[in-house]
Amino acid sequence: MSNIIYKDESYSIVGVLFDVYNNLGSGFSEIVYKDALEYEFKKLNIPFEREKEFNVSYKDTILKHRFYADFVVFDKIILEVKPTENLHDKHIAQCLNYLKVSNYKLAILANFHRDLLDHKRIVL
């Protein structure tokens with residue numbers, strides 16, 4: 001059996017995702033889900049930072065463009081939130097870019113879909 005990176009922390013995050021989905025359901029904009037997630041993280045004393053900014057280094061300079069991850073949870077896991085019909089490769093690429101610039105190892109991509117909560121673990 002393979003080792004799952006940040007298993008306990010991931011389990012806590014996914015539990016919060018399901019709690020939010022079970023209470024709100026589908027159809028809301030991304031910002032509503034983010035507000036609900038922030039509420040739950042605070043209530044459960046789960047450390048997080050919302051809209052965490054990351055710089056992009058290139059050779060000997062910092063580029064003007066910045067990345068803003070929806071959440072960084074437990075100071076090591078990126079959480080990206082989407083309310084879309086289907087997750088696309090561009091959503092996964094976005095998470096991979098965040099992992100590259102942050103030097104973190106794990107991102108969770110959550111989709112508050114019409115019929116279900118879908119989530120993917122993206123490991124770099």
Side-chain angles (χ1 to χ4, degrees):
M1 182 176 203
S2 65
N3 290 334
I4 297 174
I5 187 169
Y6 309 137
K7 181 179 178 180
D8 294 336
E9 295 90 341
S10 298
Y11 184 81
S12 296
I13 293 167
V14 171
V16 169
L17 292 170
F18 274 104
D19 193 26
V20 168
Y21 185 78
N22 288 336
N23 281 280
L24 288 178
S26 62
F28 287 100
S29 64
E30 184 174 325
I31 195 74
V32 172
Y33 293 111
K34 289 180 187 178
D35 288 347
L37 290 166
E38 181 174 351
Y39 170 87
E40 292 297 333
F41 289 147
K42 286 179 180 176
K43 186 176 102 180
L44 297 169
N45 293 317
I46 293 175
F48 73 96
E49 188 173 346
R50 186 169 173 177
E51 301 298 328
K52 169 110 173 145
E53 179 182 87
F54 292 102
N55 295 319
V56 181
S57 297
Y58 178 74
K59 295 186 177 181
D60 63 345
T61 191
I62 301 293
L63 300 179
K64 293 178 185 178
H65 181 79
R66 307 272 192 274
F67 283 115
Y68 297 89
D70 290 339
F71 291 93
V72 171
V73 189
F74 295 109
D75 201 31
K76 58 187 169 187
I77 300 171
I78 291 174
L79 173 61
E80 273 302 301
V81 177
K82 303 294 179 200
T84 183
E85 277 300 307
N86 297 302
L87 292 176
H88 298 283
D89 289 344
K90 67 180 180 179
H91 300 130
I92 294 169
Q94 178 185 21
C95 289
L96 287 169
N97 286 334
Y98 290 170
L99 290 173
K100 288 176 188 174
V101 300
S102 67
N103 290 318
Y104 295 163
K105 297 176 183 172
L106 175 65
I108 297 175
L109 176 58
N111 181 18
F112 289 88
H113 184 272
R114 178 183 65 213
D115 298 323
L116 56 95
L117 170 69
D118 185 22
H119 65 284
K120 295 185 182 296
R121 291 172 46 87
I122 301 163
V123 180
L124 186 63

**Student:** Examine distances only and state if a side-chain atom of Tyr21 and a backbone atom of His113 form a donor-acceptor pair shorter than 3.5 Å.
**Tutor:**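 Pair found, side chain donor or acceptor close to backbone of His113.
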**Student:** Has Asn23 got a side-chain atom pairing as donor or acceptor with Asp19's backbone, closer than 3.5 angstrom?
**Tutor:** yes
**Student:** For Phe74 and Glu9, which heavy atoms make the closest approach, and how far apart are they?
**Tutor:**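 For Phe74 versus Glu9, the nearest heavy atoms are CD1-CB, 3.5 Å.
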**Student:** Should Val72 and Phe41 be regarded as members of a common hydrophobic cluster, given that ILVMFWY residues are connected when their side-chain heavy atoms come within less than 4.5 Å of each other, either directly or indirectly?
**Tutor:** no
**Student:** Are there more than 12 heavy atoms of other residues, nucleotides or ligands under 6.0 Å from atom CG of Asn22?
**Tutor:**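 More than 12 within 6.0 Å, yes.
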**Student:** Write down the atom of Ile46, the atom of Val16, and the distance for their closest heavy-atom approach.
**Tutor:**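 Closest approach of Ile46 to Val16: CD1-CG2, 4.0 Å.
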**Student:** Under the salt bridge (charged side-chain N to carboxylate O under 4.0 Å, His left out) rule, what pairs show up with a residue in residues 91-102, not counting sequence neighbours?
**Tutor:**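 Not a single pair qualifies under salt bridge (charged side-chain N to carboxylate O under 4.0 Å, His left out).
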**Student:** Show the nearest heavy-atom pair for residues Ile5 and Leu106, with the distance to one decimal.
**Tutor:** O-CD2, 3.9 Å
**Student:** For the OH atom of Tyr98 and the CZ atom of Phe54, what is their distance to the nearest 0.5 Å?
**Tutor:**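 So the gap between those two atoms works out to 9.0 Å.
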**Student:** Look at the side-chain heavy atoms of Ile, Leu, Val, Met, Phe, Trp and Tyr, link any pair under 4.5 Å apart, and say whether Val20 and Leu109 land in one connected group.
**Tutor:** no
**Student:** Check for me whether Lys42 meets the cation-pi criterion with Tyr39, that is, NZ or CZ under 6.0 Å from the six-membered ring centre and within 45 degrees of the ring axis.
**Tutor:**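 No, Lys42 does not lie over the aromatic ring of Tyr39.
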**Student:** CG of Leu79 to SG of Cys95: how many Å apart, nearest 0.5 Å?
**Tutor:** 8.5 Å
**Student:** Please report the closest heavy-atom contact between Ser29 and Pro83, naming both atoms and the distance.
**Tutor:** C-CG, 4.2 Å
**Student:** If you draw a 6.0 Å radius around OH in Tyr68, do more than 12 non-hydrogen atoms from other residues or ligands fall strictly inside?
**Tutor:** yes
**Student:** Sequence neighbours excluded, which residues qualify as salt bridge (charged side-chain N to carboxylate O under 4.0 Å, His left out) partners of Arg50?
**Tutor:**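 If we apply the salt bridge (charged side-chain N to carboxylate O under 4.0 Å, His left out) test to Arg50, skipping adjacent residues, the hits are Asp35, Glu38.
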**Student:** When rounded to the nearest 0.5 angstrom, what is the spacing between CG in Leu17 and CG in Leu117?
**Tutor:** 5.5 Å
**Student:** Do Tyr6 and Leu37 land in one hydrophobic cluster if side-chain heavy atoms of ILVMFWY residues count as linked below 4.5 Å?
**Tutor:**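 Yes, because Tyr6 and Leu37 connect within a single hydrophobic cluster, where side-chain heavy atoms sit under 4.5 Å apart.
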**Student:** Measure the OH-CD1 distance between Tyr11 and Ile4 for me, rounded to the nearest 0.5 Å.
**Tutor:** 12.5 Å
**Student:** Would you confirm whether Asp70, through its side chain, and Val81, through its main-chain N or O, come within 3.5 Å as a donor-acceptor pair?
**Tutor:**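 Confirmed, Asp70 side chain pairs with Val81 backbone.
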**Student:** For the pair His91 and His88, name the ring-plane relationship: parallel under 30°, tilted 30 to 60°, perpendicular over 60°.
**Tutor:** tilted
**Student:** Would you call the rings of Phe112 and Tyr33 parallel, tilted or perpendicular, taking 30° and 60° as the class edges?
**Tutor:**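 Parallel, since the angle between the ring planes stays under 30°.
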**Student:** Quick check on the hydrophobic clustering: are Leu87 and Phe71 connected, directly or via other members, by side-chain heavy-atom contacts under 4.5 Å?
**Tutor:** no
**Student:** Would you name the heavy atoms of Arg66 and Lys64 that are closest together and state the gap between them?
**Tutor:**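 Result for this residue pair: NH1-O, 3.3 Å.
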**Student:** Give the cluster check for Val73 versus Phe67: same hydrophobic cluster or not, with ILVMFWY residues linked at side-chain heavy-atom distances below 4.5 Å.
**Tutor:** no
**Student:** Just verifying a value: how many Å separate Ile77 CD1 and Lys105 NZ, rounded to the nearest 0.5 Å?
**Tutor:** 11.5 Å
**Student:** Would you indicate whether the side-chain heavy atoms of Ile92 and Leu96 approach each other to under 4.5 Å?
**Tutor:** yes
**Student:** I need the Ile78 CD1 to Leu124 CG distance, nearest 0.5 Å.
**Tutor:** 9.5 Å
